[in-house]
Every structure is written in C-alpha cells, then in structure tokens.
Amino acid sequence: MSCEPAGILIVEDEPAHAELTQRAIRKAGNANRIDIVSDGEEALDYLFNRGKYADKGQYPCPGLILLDIKLPGIDGIEVLKEIKSHPLLRKIPVIMLTTSQREEDVAKSYCHYANSYLTKPVGFKEFEERVRQI
C-alpha cells in the first residue's frame, strides 16, 4: 500500500463544511488530490479499498486525513482507532477537524494517537487560515 503524499482525505458529513475545507486547501495550494467522504463507514471503505473504493489506483492511500468526530454511524473516534491500529495506515497523519471543544473528545482523540486536534472557527477567514496552517 503506497500513499499519495500530496493527497488529502476529508471525512466530513456536513457538505458545506467539506466544501469550505476543500476550497481552503485548494487556495493554500497544498494538495494535488482531495477526496471527500461523508461518514465513518465510507472513510474505512476508502482507506481499506473496499466496495466502490476497491480500485487502489483510483483511490490511493492519502498522505493526510482530516477527520470530523461527529459522524453518522461509525464516529470519528472509531475511525481513528481503526486507522491507528493498522500497520500501514497508522503512519498517515490524522487531524481531528471538528466543532467539538469538549475536553473528553480532545482527550479521546489524543489517546487514540490523533496527530492534532483543531476546532473549526466560525468565520470563513479564520477557518481558511487554520486550514492553511495545516
């Protein structure tokens, strides 16, 4: 399994947030490829090349994952656990990008080896700056 270093996987169930994140990344010019999935199960299918994501050439392993915590079905913490328990996927940096500021969510994320935890700011300019820093 080889990863595309300039590829980013966004795991976000809110289409507007996913679009803003993608736009901010493109504006910063930091990615050759950006893929978006909308829930935890779809994220795991993508990362493990299952189902409609079975073609590894079309859906390469990303070099960075931006992961929301609050997802329908399998939540972001469970996705993080799966990623970090896999010998090859665990090397991919995972940034929790979420609206949650709960200390419990922050602690759980780092307990399961998230590389960073960022809360989404309310304003687009602030959000754009936060994504640029990533």
#### Entry: Nearest heavy atoms of Ile25 and Ile10, plus distance in Å
CD1-CD1, 4.0 Å
### Task
Flag the pair Glu19 / Gln22 as yes when at least one side-chain heavy-atom distance between them is below 4.5 Å, and no otherwise.
yes
### Query
Do the side chain of Lys84 and the main chain of Val79 share a donor and acceptor less than 3.5 angstrom apart?
no
### Task
Please report the shortest heavy-atom distance between Arg90 and Ser85, naming the atom on each side.
NH2-O, 3.4 Å
### Summary
All heavy atoms of Gly63 vs all of Pro93, minimum pair found to be O-CD, 3.2 Å
### Summary
Tightest non-hydrogen contact, residues Ser109 and Met96, listed as OG-CG, 3.6 Å
### Query
What is the distance from atom NZ of Lys81 to atom SG of Cys111, rounded to the nearest 0.5 Å?
8.5 Å
Below 3.5 Å, can you tabulate the donor-acceptor pairs from side chains in residues 68-75 to any protein atom, sequence neighbours excluded?
| residue | atom | partner | partner atom | Å |
| --- | --- | --- | --- | --- |
| Asp68 | OD1 | Thr98 | OG1 | 3.2 |
| Asp75 | OD1 | Ile77 | N | 3.2 |
| Asp75 | OD1 | Glu78 | N | 2.9 |

## Note on the structure
Separation between CD (Glu82) and CZ (Phe48), nearest 0.5 Å, reads 5.5 Å
### Message
Does any part of the side chain of Ser100, heavy atoms only, come nearer than 4.5 Å to the side chain of Tyr117, both counted from C-beta?
### Response
yes
### Query
Just wondering, are more than 12 heavy atoms of other shown residues or ligands nearer than 6.0 Å to OH in Tyr113?
no
### Task
For Ile8 and Thr21, run side chain to side chain contact (heavy atoms under 4.5 Å, CB included): C-alpha distance rounded to whole Å, both residues' side-chain angles, the deciding distance at 0.1 Å, then the answer.
CA-CA 11 Å; Ile8 297 175; Thr21 304; over 6 Å; no
#### Entry: Distance (rounded to the nearest 0.5 Å) between Glu12 CD and Leu97 CG
7.5 Å
Tell me which donor-acceptor pairs under 3.5 Å the side chains of residues 34-42 have, and how far apart each pair is, sequence neighbours excluded?
| residue | atom | partner | partner atom | Å |
| --- | --- | --- | --- | --- |
| Asp35 | OD2 | Arg33 | NE | 2.6 |
| Asp35 | OD2 | Arg33 | NH2 | 3.2 |
| Asp35 | OD2 | Tyr46 | OH | 2.5 |
| Ser38 | OG | Glu42 | OE1 | 3.2 |
| Asp39 | OD1 | Glu41 | N | 3.2 |
| Asp39 | OD1 | Glu42 | N | 2.7 |
| Glu42 | OE1 | Ser38 | N | 3.0 |
| Glu42 | OE2 | Tyr53 | OH | 2.3 |

### Message
Counting C-beta onward and ignoring hydrogens, is there a side-chain heavy-atom pair between Ile65 and Leu47 closer than 4.5 Å?
### Response
yes
### For Leu67 against Gly76, the heavy-atom pair lying closest together
CD2-O, 3.3 Å
